[in-house]
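Take a look at the structure set out below.
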Amino acid sequence: QVQLVESGGGLVQAGGSLRLSCAASGRTFSRHAMGWFRQPPGKEREFVAAISWSTGFTYYVDSVKGRFTISRDNAKNTVYVQLNSLKPEDTAAYYCAARSFSGPNRPDQYGSSWYWDYWGQGTQVTVSS
């Protein structure tokens with residue numbers, strides 16, 4: 001069983017920063033990628049960012065490019081996302097996801113929720129204006 005545990009959420013003023021962490025634990029598993037999604041209040045879950053575990057290539061939704069940075073620490077089995085210049089519209093529950101080797105690596109599908117095999121429980125980010 002693989003567990004993904006997010007941390008680092010909180011309340012911050014507009015323009016502030018937070019760093020979210022997602023630690024993978026449980027049985028050792030190989031993964032193509034890890035990513036972050038978010039779900040604003042009353043809205044559907046949306047893709048935020050992803051990182052290829054082998055190459056380190058990163059992918060972002062346009063609305064966060066230049067403000068958010070995803071990174072990984074292979075030794076710690078952890079993925080991070082640095083959230084800078086936060087806006088009230090960034091308020092959401094943020095979820096970590098992992099894609100295992102059970103299927104092909106498809107960067108063109110990173111933005112699709114169905115593509116990811118494992119999910120964390122989420123961490124809340126609230127940005128006040």
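What's counted below: heavy atoms across the whole structure, side chains too, no hydrogens, waters or symmetry copies.
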With a 4.5 Å heavy-atom cut-off, do Q82 and S17 have their side chains touching?
-> yes

Report the C-alpha separation of R31 and D117 in whole Å, then their side-chain angles, then the decisive distance to 0.1 Å, and conclude whether the salt bridge (charged side-chain N to carboxylate O under 4.0 Å, His left out) test is met.
-> CA-CA 10 Å; R31 75 216 70 169; D117 299 309; over 6 Å; no

Scanning both residues in full, the closest heavy-atom pair of V127 with T91 reads N-OG1, 2.9 Å

Verify, without hydrogens or angle tests, whether T123 (side chain) and G9 (backbone) share a donor-acceptor contact under 3.5 angstrom.
-> yes

Working for salt bridge (charged side-chain N to carboxylate O under 4.0 Å, His left out), residues D90 and K87 = CA-CA 5 Å; D90 295 317; K87 305 175 182 180; over 6 Å; no

Would you please test Y95 and R45 for side chain to side chain contact (heavy atoms under 4.5 Å, CB included) and show each step?
-> CA-CA 9 Å; Y95 297 89; R45 190 172 298 188; 3.6 Å; yes

Where do R72 and S52 come nearest, in terms of heavy atoms and distance?
-> NE-O, 3.9 Å

Sidechain-backbone polar pair: W119 side chain, L4 backbone, donor-acceptor under 3.5 Å = no

Start with the C-alpha gap between Y94 and R38, add the side-chain angles, then the distance that decides, and say whether side-chain hydrogen bond (donor to acceptor under 3.5 Å, both in side chains) holds.
-> CA-CA 4 Å; Y94 283 71; R38 66 186 180 186; 3.0 Å; yes

Check whether any side-chain heavy atom of Y59 sits under 4.5 Å from a side-chain heavy atom of F47, and report yes or no.
-> yes

Linked, directly or transitively: W53 and W116 (ILVMFWY side chains, under 4.5 Å) = yes

Are Y118 and S100 side-chain neighbours, meaning at least one heavy-atom pair lies under 4.5 Å?
-> yes

Atom pair CZ/CG of F68 and L20 - distance to nearest 0.5 Å = 8.0 Å

May I ask you to decide if the ring planes of Y115 and Y110 are parallel, tilted or perpendicular, using 30° and 60° as cut-offs?
-> tilted

Cluster question for you: counting only ILVMFWY and a side-chain heavy-atom cut-off of under 4.5 Å, with indirect links fine, are V48 and I70 together?
-> yes

